[in-house]
Amino acid sequence: ASTLAAAAEQSGRYFGTAVAANKLGDSTYVGILNREFDMVTAENEMKMDATEPNQGQFSFSNGDRILNQARNQGKRVRGHALAWHSQQPGWMQNMSGSALRSAMLNHVTQVASYYKGKVYAWDVVNEAFADGGGGGRRDSNLQRTGNDWIEAAFRAARSADPNAKLCYNDYNTDNWSNAKTQGVYNMVRDFKSRGVPIDCVGFQAHFNSGNPVPSNYHTTLGNFAALGVDVQITELDIEGSGSGQAQQFQGVTQACLAVARCTGITVWGIRDSDSWRSSGTPLLFDGSGNKKAAYTSVLNALNSG
Ligand code: G3I
């Protein structure tokens with residue numbers, strides 16, 4: 001197959017990208033988007049600050065632009081993200097206790113209800129575990145409402161949209177020996193054992209020289225999948241260039257292909273110039289929209305998987 005989406009579809013997987021609403025008028029960008037990808041994540045437009053700028057007042061126009069563009073082209077959408085310590089609207093940032101808990105759950109319910117039946121999956125909770133060696137939760141206003149805030153969010157999302165896959169999404173959870181990876185794994189195992197509704201785990205996969213693609217990546221993905229959840233690479237980008245970068249992209253692709261329940265890969269932007277990273281060349285297309293060596297290595301890996 002000659003596109004990322006078509007190559008991924010050969011094994012029943014998807015290949016997605018993050019999309020920014022303000023680039024939907026860029027014909028080079030949209031041309032690559034329509035040609036190469038069959039799954040879309042809104043880079044910022046479905047986050048809490050974007051969708052509930054004032055408490056109880058919801059704004060879906062930019063999220064809808066991305067969702068409608070994708071669905072009109074026959075692509076599916078991953079919703080990102082219902083509950084997160086970051087990108088909270090101003091009114092939420094200083095809330096606490098039961099008022100914050102209710103506001104968060106209302107947000108989850110309203111946003112998941114609005115998009116009911118239109119998204120393939122939701123990142124219900126994003127980045128709730130701490131970095132470093134402890135393996136515990138990240139301190140945040142949401143965490144301070146009680147350790148059960150994550151399962152409460154998942155239950156609210158399930159009630160609002162019973163057919164969306166519900167994912168927990170985080171970064172630096174790729175290496176099996178990281179304490180953070182173990183912390184998330186233990187939470188998912190606990191959720192599965194107690195019947196808390198969780199369907200998938202997203203691995204953001206933001207890599208750089210200090211945090212390279214781990215050689216045990218397939219082990220991590222396989223161990224999570226063995227808990228009875230799908231796994232997905234949700235925000236892939238890898239700092240670097242040339243054949244070294246291409247090799248790392250190939251390794252990530254092969255790790256996903258090696259795990260039956262790894263259902264798809266999403267890169268976090270289209271061209272290097274679209275990346276959230278202020279410098280560097282972490283994506284599959286250069287600033288002019290040309291395919292890089294990394295693109296070819298991913299395509300070849302998908303075609304031989
Ligand atoms: O749109 C405004 C613009 O009007 C303003 O002039 C400008 C000045 O700061 O800011 C613009 O908004 C920025 C927005 O990106 C759009 O470019 C925000 O400041 C900036 O904070 C925001 O960054 C986003 C970041 O999440 C916020 O946490 C990145 O685009 C987005 O790629 C990044 O994505 C996250 C995932 O959601 C979660 N995982 C990590 C990943 C990378 O950080």
Side-chain angles (χ1 to χ4, degrees), residues 16-26 29 33 37 39-53 59-67 70 77-90 92-93 104 107-108 111 115 119 121-131 137-138 140-143 150 153 166-175 178 180-181 184 200-208 210-211 213 231-240 252 264-285 287:
T17 182
V19 167
N22 63 10
K23 290 177 183 156
L24 290 175
D26 176 333
Y29 181 87
L33 168 62
F37 300 99
M39 184 72 78
V40 159
T41 305
E43 188 174 359
N44 289 297
E45 293 79 352
M46 294 188 189
K47 292 175 180 175
M48 299 181 100
D49 58 352
T51 50
E52 195 178 357
S59 169
F60 297 112
S61 51
N62 284 327
D64 282 348
R65 286 169 64 197
I66 293 175
L67 180 110
V77 173
R78 290 188 86 266
H80 173 81
L82 293 172
W84 190 16
H85 69 278
S86 183
Q87 301 292 105
Q88 291 181 2
M92 185 181 278
Q93 288 173 21
M104 179 273 289
H107 180 87
V108 170
V111 176
Y115 285 113
V119 297
W122 269 110
D123 291 332
V124 178
V125 170
N126 197 36
E127 301 177 2
F129 278 74
D131 297 312
R137 297 286 181 86
R138 172 195 298 280
S140 72
N141 61 350
L142 291 170
Q143 180 62 26
I150 297 180
L166 305 183
C167 306
Y168 176 77
N169 191 54
D170 215 328
Y171 64 89
N172 287 0
T173 48
D174 313 283
N175 194 319
N178 276 2
K180 188 171 176 180
T181 308
V184 175
C200 36
V201 176
F203 297 80
Q204 294 186 9
H206 295 292
F207 295 111
N208 54 40
N211 175 42
V213 178
V231 295
Q232 303 167 348
I233 312 284
T234 52
E235 306 182 11
L236 177 62
D237 53 25
I238 308 178
E239 273 295 349
V252 173
I265 299 174
T266 294
V267 288
W268 205 239
I270 297 178
R271 300 162 300 197
D272 286 335
S273 49
D274 300 316
S275 173
W276 66 286
R277 296 183 188 272
S278 50
S279 65
T281 55
L283 294 169
L284 300 179
F285 295 86

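Computed over heavy atoms, backbone and side chain alike; hydrogens, waters and symmetry mates excluded. Every number for a ligand or one of its atoms is a count from 1 in the order of the listing. Counting from 1, the numbers follow the sequence of the chain as shown.
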Subject >> N or O pair under 3.5 Å between Asn126 and ligand 1 >> reply: no
**OP:** Calculate, to the nearest 0.5 Å, the distance between atoms OG1 and CE belonging to Thr17 and Met39 respectively.
**Re:** 12.0 Å
**OP:** Just jot down the ligand 1 atoms closer than 4.0 angstrom to any heavy atom of Gln87, in number order.
**Re:** 27 (C), 28 (O)
**OP:** Might you check, step by step, whether the distance between atom 2 (C) of ligand 1 and some protein heavy atom is under 4.0 Å?
**Re:** no
Original post:
Do any non-hydrogen protein atoms sit less than 4.0 Å from atom 8 (C) of ligand 1?
Top reply: no
Original post:
Is the closest protein non-hydrogen atom to atom 20 (C) of ligand 1 under 4.0 Å?
Top reply: no
Original post:
Can you find a protein heavy atom under 4.0 Å from atom 12 (O) of ligand 1?
Top reply: no
Subject >> Ion pair Asp170/Arg138, N-O distance below 4.0 Å >> reply: no
Subject >> Within-cutoff protein neighbour (heavy atom, under 4.0 Å) for atom 29 (C) of ligand 1 >> reply: yes
**OP:** Check for a donor-acceptor pair, side chain of Thr173 on one end and backbone N or O of Phe203 on the other, with a separation under 3.5 Å.
**Re:** no
Subject >> side-chain hydrogen bond (donor to acceptor under 3.5 Å, both in side chains) between Asn172 and Asn211, worked out >> reply: CA-CA 8 Å; Asn172 287 0; Asn211 175 42; 3.0 Å; yes
Original post:
Quick one: does atom 37 (O) of ligand 1 have a protein heavy atom under 4.0 Å from it?
Top reply: yes
**OP:** Run through Val201, Thr234, Val124 and flag the one making a side-chain contact (heavy atoms from CB on, under 4.5 Å) with Asn169.
**Re:** Thr234
Original post:
Donor-acceptor pair, Glu45 side chain versus Ala21 backbone, under 3.5 Å?
Top reply: yes
**OP:** Verify the contact flag for atom 40 (C) of ligand 1, where contact means a protein heavy atom under 4.0 Å away.
**Re:** yes
**OP:** Evaluate the criterion side-chain hydrogen bond (donor to acceptor under 3.5 Å, both in side chains) for residue pair Tyr171 and Asn126; output intermediate values, then yes/no.
**Re:** CA-CA 9 Å; Tyr171 64 89; Asn126 197 36; over 6 Å; no
**OP:** Could you check atom 34 (O) of ligand 1 against the protein and tell me its nearest heavy-atom contact, residue, atom and distance included?
**Re:** Trp268 NE1, 3.2 Å
Original post:
When only distance counts, is Glu235 in polar contact with ligand 1, meaning an N/O pair under 3.5 Å?
Top reply: yes
**OP:** Check for a donor-acceptor pair, side chain of Asn178 on one end and backbone N or O of Lys180 on the other, with a separation under 3.5 Å.
**Re:** no
Subject >> Flag for His85-Glu127: side-chain donor and acceptor within less than 3.5 Å >> reply: no
Original post:
Of the protein's non-hydrogen atoms, which lies at the shortest distance from atom 15 (O) of ligand 1, and what is that distance?
Top reply: Asn44 ND2, 3.6 Å
Original post:
Rounded to the nearest 0.5 Å, how far apart are CG of Leu284 and CG of Asp237?
Top reply: 10.0 Å
Original post:
Of all the non-hydrogen atoms in the protein, which one sits nearest to atom 31 (C) of ligand 1, and at what distance?
Top reply: Glu43 OE2, 3.4 Å
Subject >> Selection from His206, Glu45, Lys47, Met46 by shortest heavy-atom distance to atom 33 (C) of ligand 1 >> reply: Lys47
Subject >> Atoms of ligand 1 close to Glu127 [distance to a heavy atom under 4.0 angstrom, numbered from 1] >> reply: 38 (C), 39 (N), 40 (C)
Original post:
Are any of the protein's heavy atoms under 4.0 angstrom from atom 43 (O) of ligand 1, yes or no?
Top reply: yes
